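Written out below as structure tokens is the structure these notes cover.
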Amino acid sequence: MDSLSTTLAALSDATRRAILVRLKTGPASVHELAQPFQISQQAISKHLATLERAGLIEKRRDGRQHVCQLNPAPMREVATWVEQYRQHWEDAFDRLDDLLHELNPPKKG
């Protein structure tokens, strides 16, 4: 699987997206990341492993804790991919506007 597909697959889960939103405010321990969710520590660890495999987070040891932090690089790849489609649709809507003006020109005075 290519890196964009791995990133999009990791982002397909709401819990993983919520974890990334939390990490926008700064690094957090695995315990801190698990607190807002009503799921087991093991389930959180699986979500974190998926995010780490996609390169969306990085984990390091700080004493006895694992601390996670956001890695924005894969999100840039997603944003670049999405941007291509945004430009495509803006161009298509501009052409549609031009066609509609040709078919129904504004009335003068």
Side-chain angles (χ1 to χ4, degrees):
M1 189 181 297
D2 63 90
S3 63
L4 180 60
S5 297
T6 302
T7 303
L8 291 172
L11 294 172
S12 68
D13 182 89
T15 300
R16 291 192 287 265
R17 290 192 305 272
I19 290 169
L20 293 176
V21 168
R22 164 55 187 89
L23 288 173
K24 282 179 19 180
T25 63
S29 69
V30 172
H31 178 73
E32 291 170 329
L33 291 172
Q35 285 180 342
F37 302 102
Q38 301 295 322
I39 57 178
S40 69
Q41 182 79 28
Q42 185 179 16
I44 285 293
S45 293
K46 285 183 179 181
H47 284 300
L48 293 175
T50 299
L51 292 170
E52 192 173 22
R53 263 192 313 278
L56 290 162
I57 66 167
E58 297 170 342
K59 281 199 302 189
R60 61 178 164 78
R61 285 193 72 85
D62 185 13
R64 294 173 53 191
Q65 295 184 332
H66 282 101
V67 175
C68 300
Q69 67 182 41
L70 195 60
N71 177 18
M75 292 298 282
R76 285 188 207 110
E77 185 181 14
V78 171
T80 300
W81 184 76
V82 169
E83 177 64 17
Q84 294 170 2
Y85 288 95
R86 187 189 65 77
Q87 288 176 347
H88 165 79
W89 285 108
E90 280 187 10
D91 292 345
F93 285 130
D94 287 345
R95 288 192 307 272
L96 179 60
D97 279 345
D98 292 344
L99 178 62
L100 291 173
H101 278 95
E102 279 181 37
L103 295 174
N104 190 15
K107 294 181 181 173
K108 295 180 181 176

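Nothing here was measured: the structure is a model prediction, and the numbers come from that model.
- For the atom pair I19 CD1 and T50 OG1, the distance stands at 9.5 Å (nearest 0.5 Å).
- Sorted pairs that involve residues 93-103 and meet side chain to side chain donor-acceptor pair (under 3.5 Å), not counting sequence neighbours, are lacking altogether.
- No path of Ile, Leu, Val, Met, Phe, Trp and Tyr side chains, each step under 4.5 Å between heavy atoms, connects V21 with L51, placing them in separate hydrophobic clusters.
- Atom OG1 of residue T6 and atom CG of residue L11 lie 11.0 Å apart, to the nearest 0.5 angstrom.
- Scored by the ring-ring contact (aromatic ring centres under 6.0 Å, His included) test, Y85 finds W81 as partners (sequence neighbours excluded).
- Taken from OG1 in T15 to CG in L48, the straight-line distance is 10.5 Å, to the nearest 0.5 Å.
- Looking at S3 and E77, their side chains come closer than 4.5 Å, going by heavy atoms from C-beta outward.
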Please table the atom pairs, donor to acceptor, closer than 3.5 Å between any side-chain atom in residues 40-47 and protein atoms at least two apart or in another chain.
| from | atom 1 | to | atom 2 | distance (Å) |
| --- | --- | --- | --- | --- |
| S40 | OG | A43 | N | 3.0 |
| S45 | OG | Q41 | O | 3.1 |
| H47 | ND1 | R16 | NH1 | 3.3 |

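- Annotation: side-chain contact (heavy atoms from CB on, under 4.5 Å) contacts of Q65 (sequence neighbours excluded): S29.
- With no hydrogens or angles considered, a side-chain donor-acceptor pair links H31 and Q35 at under 3.5 Å.
- In terms of the side-chain hydrogen bond (donor to acceptor under 3.5 Å, both in side chains) criterion, Q38 has no residue partners (sequence neighbours excluded).
- In the hydrophobic clustering, L103 connects to L99, either directly or through intervening members, whenever side-chain heavy atoms lie under 4.5 Å apart.
- Looking at residues two or more places apart in sequence or on another chain, you find a side-chain contact (heavy atoms from CB on, under 4.5 Å) between A73 and N71, R76.
- In this structure, L100 CG and F93 CZ are separated by 11.5 Å, a value rounded to the nearest 0.5 Å.
- Across all their heavy atoms, L56 and A10 have their closest contact at CD1-CB, 3.9 Å.
- The hydrophobic cluster containing M1 does not contain L4, counting ILVMFWY residues as joined when their side-chain heavy atoms lie under 4.5 angstrom apart, directly or transitively.
- S5 is linked by a side-chain hydrogen bond (donor to acceptor under 3.5 Å, both in side chains) to D2, counting only residues two or more places apart in sequence or in another chain.
- In terms of the side-chain contact (heavy atoms from CB on, under 4.5 Å) criterion, residue partners of L70 (sequence neighbours excluded) are, by chain and number, L20, L23, K24.
- G55 approaches P74 most closely through the heavy-atom pair O-CG, 3.3 Å.
- Residues forming a side-chain hydrogen bond (donor to acceptor under 3.5 Å, both in side chains) with S12 (at least two apart in sequence, or on another chain): none.
- Partners of E83 under the side-chain hydrogen bond (donor to acceptor under 3.5 Å, both in side chains) rule, at least two apart in sequence or in another chain, are R86, Q87.
- Annotation: side-chain contact (heavy atoms from CB on, under 4.5 Å) contacts of V67 (sequence neighbours excluded): P27, R60, D62.
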